[in-house]
There are 2 protein chains.
Amino acid sequence: MTRVRTNKPSEQRREEFLDAAEQLFMQQGYDSTSVNDLLKAVGLSKGAFYHHFDSKQAVLEALTDRMLTSFAPHIQGLIDDPALPALEKWRALMSQSNRWKLEHKDALLLQARAMHQGSNLKLRLTLTEKTRRLAVPLYAQLLAQGAREGVFDIEQPEATAELLFALLAAQGERITEILLAPDSAPEPVEACCQLLAASQQALERTLAAPAGSLPLADPALIAAWFE
Amino acid sequence: MTRVRTNKPSEQRREEFLDAAEQLFMQQGYDSTSVNDLLKAVGLSKGAFYHHFDSKQAVLEALTDRMLTSFAPHIQGLIDDPALPALEKWRALMSQSNRWKLEHKDALLLQARAMHQGSNLKLRLTLTEKTRRLAVPLYAQLLAQGAREGVFDIEQPEATAELLFALLAAQGERITEILLAPDSAPEPVEACCQLLAASQQALERTLAAPAGSLPLADPALIAAWFE
DNA sequence: TTAAATATACCGACCGTCGGTCTGTTTCGC
DNA sequence: GCGAAACAGACCGACGGTCGGTATATTTAA
């Protein structure tokens, strides 16, 4: 029962495996997806898989890298823009990411649901850790610029950037929680808006920025997330 | 080759398994510790294990619960104290926890090393998540009291408590990172102190508390952590 | 007082699945 | 047509978990 062989270049096969992995991990979670599941999805054998990847863990690494590297250059470009003031950059960052997220609302909700599956701890943690390592230097750069411009009053951009990321991540977690279980709160939209307000205030106070200068998301956008 | 049987009450056996689990998880990590390892350590059989626990995961749950519940009552009592002002409670909380941590320095360093093993993701995440659920309401209580007393200016104690926890957790992570790899930074003590200063400032600004009113740890204590 | 009956603690062979290895075969550029 | 890359799939040991059965403790009743 020899099947038809169509050898392809490494790069291409890797992408096929990663595509299958992305889909399966999002459906069943990382732990619950066996290597055999991947093989079946791609239609290849164990030998093929271990020819292109060292381990199952390597797939996770490659996949998380792929998920992040698409965003990086664009954001890096925005942060590096020598013409834009820090506050403008922040607003651009937020509005762009808010718009993009809303456009991909359904896919993101599915992803969030998948990520909170318990069989996806590794994927989730790997992703947030890589996001952190990617985002913190950018935040630090933005904070330093703001401090130079006099709109922020902070002594240590790097340390503060870490806290900023932690704050935003925590806020995102809480909002996702409500989004995934809207019935847990009596007024989910209201709850999210309060969370956002608290985060924004904490943020602005921490950076000693003028109140209202670091918007996160307006209530209309939140409402749109609940259909 | 029937081995000698010594039946014991459930409670006691569970504790024996949990003791073994605690030790083994700290040495090899959760994933790398097999149920058979536990059996060997306790000197019992598979049947015995699955008589007392539903699954390996159940051991993790029970263990993390046990690790946390010992602290809870004491802290709860401190927070509930009707006589102490909020700022006093904060200082007491910090000094007590700092003192306790320093006293258990070696054990905590070992634990931190174990927790960052990669084969301990589940244990680590479960523990921090349970800590969060335990700590956030207490923080919220403290923040509300402070707001009532006029030393804090915050609108939403619950949301702010979440941010507070995230901030402290992130700071703890970064300091632990330096502590476990002191050679990564040129001046580890200095780096920790800067992190602490940034956190304290962020904290005080977020709560609109007077500068210096929410101390975290003094440089002498940090120095003590690096021998 | 003790023997039967029941409940609980425990044993260990066994099972399916998993990630990973190994030996061999096919494909393809040169 | 040759050598290397791409692939096939049988195989391996370890894992978490199950199951039928046994030993011990406790209650019940004669």
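Computed from heavy atoms alone, side chains included, the values below leave out hydrogens, waters and symmetry copies. Source: prediction; values computed, not measured. Throughout, a chain's letter reflects where its sequence line sits, starting with A, and its residues are numbered from 1.
Across all strands shown, B/K56 has heavy atoms under 4.0 Å from sugar-phosphate atoms exclusively, and none from any base.
Side chain to side chain, B/K122 and B/Q57 fail the donor-acceptor criterion of an N or O pair below 3.5 Å.
In this model, the phosphate group of D/dC7 is approached by a side-chain N or O of A/R13 to a distance below 4.0 Å at OP1 or OP2.
As a whole-Å value, the separation of A/K46 NZ from C/dT17 P is 13 Å. In this structure, B/H52 places its NE2 atom 9 Å from P of C/dC11, rounding to the nearest Å. Look at CG on B/N36: it is 19 Å from P on C/dC18, rounded to the nearest Å. Rounded to a whole Å, the CD atom of B/Q12 is 15 Å from the C1' atom of C/dT8. Note: CG (A/L38) to C1' (C/dT17) measures 15 Å, nearest angstrom. Regarding B/F53, its CZ atom lies at a distance of 18 Å from the P atom of C/dT8, rounded to whole Å. Spacing between atom NE2 of A/H51 and atom P of C/dC28 amounts to 14 Å, rounded to whole angstrom units. Residue B/Y50 contributes atom OH, which lies 14 Å from atom C1' of C/dG12 at whole-angstrom precision.
Remark: B/K56 qualifies as a cation-pi partner of B/Y30 under the 6.0 Å distance and 45° angle criteria applied to the six-membered ring.
The distance from the CG atom of A/L18 to the CE atom of A/M67 is 11.0 Å, given to the nearest 0.5 Å.
The shortest non-hydrogen separation linking A/A20 to A/L38 is C-CD2, 4.0 Å. Heavy atoms only, all atoms of each residue included: B/S55 and B/Y50 are closest at CA-CE2, 4.0 Å.
Around the NZ atom of A/K40, the shell of radius 6.0 Å holds no more than 12 heavy atoms that belong to other residues, nucleotides or ligands.
If you check residues 22-35 of chain B against DNA chain D, the residues with a heavy atom closer than 4.0 Å are B/T33, B/S34, B/V35, listed by number.
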